[in-house]
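Working notes, beginning with the structure itself.
As the structure is a computational prediction, the values presented were derived from the model and not from experiment.
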Amino acid sequence: MNHSKLKLPIKMGYGFAETGITAVQLFTQIYLLKYYTEIVGLNSSLAGIALSISVIWDAISDPLMGRISDHTITRFGRRRPYIFFGGILLSISVLLLFSPPSISSQLGKFSYLLSVYLLVNTAMTIISVPHIALGGELSFERNERTSVFGWRLFFSNIGMLIGMIVPAAILQSLGDESAKENIITSRTVAGEIVSLVILVSSVITFLVTKGKDTIQSDKTKQLPFFKSFGSVLKNKMFLILLFAFVIATIGRTFNSAIALYYYEYRLGLKESQVVINILLPFFLVLMLSIGFWVWISKRIGKKIPAFFGVFGLGLLTVIVYPLFPYGELRPPLIAAFFGGIFAGSILIMDSILTDVVDYDEYKTGEKREGLYFGIWKMGVKFSQAFGIALTGFLLDFIGFQNGLTEQSREVGFRLAMIFGPGVGFFFILGSIVFLFFPLTDAKHIQVQRILTKRTLKKIHR
């Protein structure tokens, strides 16, 4: 157990890998569905199915990857090797995803998207589960953990900016943003840049965290995989936290997948206008808000700030997005400012999960960060798969016509209802479920004291 205060370069170096991980996630979440439906020419429902199958596989593999990393023993540590090799594989797979060959049949297009996106999500599992688990192990001190995950979220937002802005900036520089050739070029070049980012960031994290990946569990208390998996799912404290986060993640997935459709066909804004004038300020404000959420969680605890952050985001989303006038940037920009502040509270959720892992160790005597974070990511990705699939079907259901530069007013209104109340409902519901989370700050501090005494006894034996 590391009780000492972490040096700033360690916390920053750990978080840096999240730049590449999140750049890939946002690049695919925002641009992939639209690219394959409007440029490659794949049917919306088939695209949604392909993406959902890939994400479901990613979800299923997460707990297994967590378990594997929990039990890995190498001279490089148990998490770090996967961060290194997973980064290389993810870098290669992203290049393939946005450089599809010329395929005429719907089956061929579907098969290519499915196979390559499966590869992307496999690589994402290999790097992301051990990485987030390592963050929970860098420090035992609760406020230091919040700081660690604050830096993780900070670099995650840099990754969001890269995955979001680079494709739009390249497209804008090419001139005609509606030209198919320019869109293809922008996505291909952006894929190359994102590929380089994930490669460099994963290698840096691997190097900087050297010597910090040394925790080992008591092998006499390790359960078989399925028994251990089942015991985690019987942890009611964990299930409440997971359920709340999964519900909110469905809303986040809707938001990412439908954003460009909403801004273009409801508000009449170009992609570059949306990315630079709305989404960029949102993520900049989110980054700046991280320090506030770290500070307030130290002052009054974690539960209250986490609830009000997610609830406030949901309430804002429900009210404002159906009301924005056509062709105006200022109203959504103002909403982006306040939304960025509320969204910064998400870092507290990951920090709270490390508290649940401490409670599990107190009960079982086994350190299972990898398995817990693997199941956590599995639940999140199932919700993402659900959100992506539903988005594809909803586009068909509301009458969206692929390939048309303009949609009917009815379609625009329906997009607004999905992007506003549809998204906000899940944020609000998730925050309400979170209110039932039973682990208080005082109880967690007591658990940590007991774990510290156990460790000291082992040392003096």
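Of the residues listed (Val208, Ile158, Thr205), the one engaging Phe16 in a side-chain contact (heavy atoms from CB on, under 4.5 Å) is Thr205, and it is the only one. With Arg79 as the fixed residue, the side chain to side chain donor-acceptor pair (under 3.5 Å) test singles out one of Thr209, Asp70, Thr72: Asp70.
The backbone N or O of Ser351 sits less than 3.5 Å from a side-chain atom of Thr354, completing a donor-acceptor pair. At least one donor-acceptor pair closer than 3.5 Å links the side chain of Trp293 to the backbone N or O of Ile341. Panel note: side chain Arg80, backbone Phe76; a donor-acceptor pair is recorded below 3.5 Å. With Asn235 contributing its side chain and Phe238 its backbone, the two residues share a donor-acceptor pair below 3.5 Å. In this structure, Lys11 contributes its side chain and Ser147 its backbone to no donor-acceptor pair below 3.5 Å. When atom types are taken as modelled, the side chain of Arg266 and the backbone of Ala416 share no donor-acceptor pair closer than 3.5 angstrom. Side-chain N or O atoms of Thr28 include one that pairs as donor or acceptor with a backbone N or O of Gln25 at under 3.5 Å. The closest donor-acceptor contact from the side chain of Lys303 to the backbone of Thr440 lies at 3.5 Å or more, if one exists at all. Looking at Arg152, its side chain never comes within 3.5 Å of a backbone N or O of Met12 through a donor-acceptor pair.
Considering every non-hydrogen atom in both Leu196 and Ser91, the closest pair reads N-OG, 4.5 Å.
For Trp151 and Tyr14, the ring centers are positioned 6.0 Å apart or more.
In this structure, Ile290 and Asn157 have side chains that are in contact, with non-hydrogen atoms separated by less than 4.5 Å.
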